[in-house]
Amino acid sequence: MKDPDFGKGGPARDLFGEIDRLRRERRAVILAHYYQDADIQDVADYVGDSLGLSQAAAATDAEVIVFAGVHFMAETAKLLCPDKTVLLPDLDAGCSLADGCPPDAFAAFLERYPGHKVVSYINCSAATKAQSDVICTSSNAVKIVASFPPDQPLVFAPDRFLGDWVSRQLGRDLVLWPGSCEVHETFSERRLVELKVTYPDAVVAAHPECPPAVLQHADHIGSTTSILDFARRSPARRIIVVTEPGILHRMRQENPDKELIPVPGADESCSCNECPYMKKNTLEKLYLCLRDGTPEISLDPALAARAREPIARMLELSR
Ligand code: 13P
Ligand code: SF4
């Protein structure tokens, strides 16, 4: 760490002020996901879901993008903005979905399905994206899958629960890569049902990365942005929220009069409904990364060229 004062009992810093000064000096934009800590969301220029963040990255004229999210999100921003510097406060901010779909194993899997087109959830590496025909997010997955003719066989990767939900929405078979989100798969159906019994007037909003046993109890299923829209629009005074609790920061701001009830993971002794990867980023690391211009996302240009195409196709289909 270059700053001897930092983190060693030195003078307290006005991190918000410093981040703001550096952002202007570096001509940087800070993009943050809804699962980030509240202070990171508060300092960000834009907070959104994966689709909104990709669109914001593609549209920015800033020279530097600081991505307060996980690796695949920052990598997507770099794919869309190859000439910009893209920084991620902690390079270890991974994702169980991306890590659970190694590109070589995915290539071998695809060989078993000749004639299939490949729809990949954005939560995957550039090397997996490069093997895909089109990318989707949780906000456009149904629309992207439906854009293929009904007789076109499809592989959907890497989230089997999102793929299963899309398949049921469209009444269409999909070949599913067996991946899952280690956070959303831990939500407990038992705890959710108990909460519904305790609060019979509450409505349930869930992310489609949850298993079907959980989703069957939801009044609304959608991306983080769509869950926030639902919470604002719903006349219900109580909302049971089945996604990462970072979303509650924005939801509380937008719904000061509603009671928001997070669902715990199956093991109540841990905070396993929190994404450990998202939480690797901190305000301090955000400050350091703006100050030092590192850690930076870099990509092999040939791989990037192949991975960019299916993302561009998604953005085109999402207009
Ligand atoms: P959203 O695109 O809905 O924000 O989801 C991203 C994610 O990683 C959910 O776990
Ligand atoms: Fe990945 Fe799940 Fe974390 Fe989202 S919540 S970034 S899908 S591990």
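FYI, the numbering just counts along the sequence from 1. Read the numbers this way: they start at 1 and go in the same order the structure lists the ligands and their atoms.
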For Leu97, atoms of ligand 2 separated by under 4.0 Å from a heavy atom: 7 (S)
Residue part near ligand 1, for Ser138, under 4.0 Å between non-hydrogen atoms: side chain
Identity of the nearest option to atom 2 (Fe) of ligand 2, non-hydrogen atoms only, from Cys181, Gly246, Gly69: Cys181
Residue His184 vicinity, atoms of ligand 1 by number, heavy atom under 4.0 Å: 10 (O)
Sub-4.0 Å atoms of ligand 2 with respect to non-hydrogen atoms of Tyr277: 8 (S)
Ligand 2 atoms in contact with Ser96 (distance to a heavy atom under 4.0 Å): 8 (S)
His220 side chain to Asp229 side chain, donor-acceptor N/O pair below 3.5 angstrom: no
Thr224 N/O under 3.5 Å from ligand 1 N/O: yes
Option nearest atom 8 (O) of ligand 1 (shortest heavy-atom distance, choices Ile247, Asp49, Asn123): Asn123
Under 3.5 Å donor-acceptor, Glu75 side chain and Ala126 backbone: yes
side-chain contact (heavy atoms from CB on, under 4.5 Å) between Glu209 and Leu97, intermediate numbers included: CA-CA 10 Å; Glu209 287 173 11; Leu97 279 167; 4.1 Å; yes
Residue part near ligand 2, for Glu209, under 4.0 Å between non-hydrogen atoms: side chain
Pair Arg306 + Glu309: basic N to acidic O under 4.0 Å: no
Criterion side-chain contact (heavy atoms from CB on, under 4.5 Å) on Thr224 and Arg250, from CA distance to verdict: CA-CA 10 Å; Thr224 50; Arg250 174 64 66 99; over 6 Å; no
For atom 3 (Fe) of ligand 2, the protein heavy atom that lies nearest, with its residue and separation: Cys275 SG, 2.4 Å
Sub-4.0 Å heavy-atom approach of Glu244 to ligand 1: no
Tyr34 near ligand 1 by a heavy-atom separation under 4.0 Å: no
Those atoms of ligand 2 less than 4.0 Å from some heavy atom in Asn123: 7 (S)
Numbering as shown, the atoms of ligand 1 that approach Ser223 to under 4.0 Å (heavy-atom distance): 3 (O)
Exceeds 12 heavy-atom contacts within 6.0 angstrom, atom CG of Asp173: no
Which residue and heavy atom of the protein sit nearest atom 1 (Fe) of ligand 2, plus the separation: Cys95 SG, 2.4 Å
Backbone of Glu189 reached by a side-chain donor or acceptor of Glu194 within 3.5 Å: no
Ser167 side-chain N/O to Gly163 backbone N/O, donor-acceptor pair under 3.5 Å: no
Geometric class of the His184/Tyr35 ring pair [parallel <30°, tilted 30-60°, perpendicular >60°]: tilted
Atom indices of ligand 1, in the order listed, that fall short of 4.0 Å to a heavy atom of His207: 1 (P), 3 (O), 5 (O), 9 (C)
Contacting atoms of ligand 1, where contact means under 4.0 angstrom from a heavy atom of Ser50: 1 (P), 2 (O), 4 (O), 5 (O), 6 (C)
Distance-only side-chain donor-acceptor flag, Glu182 / Tyr277, under 3.5 Å: yes
Main-chain N/O of Ala213 paired to Gln216 side chain as donor or acceptor, under 3.5 Å: yes
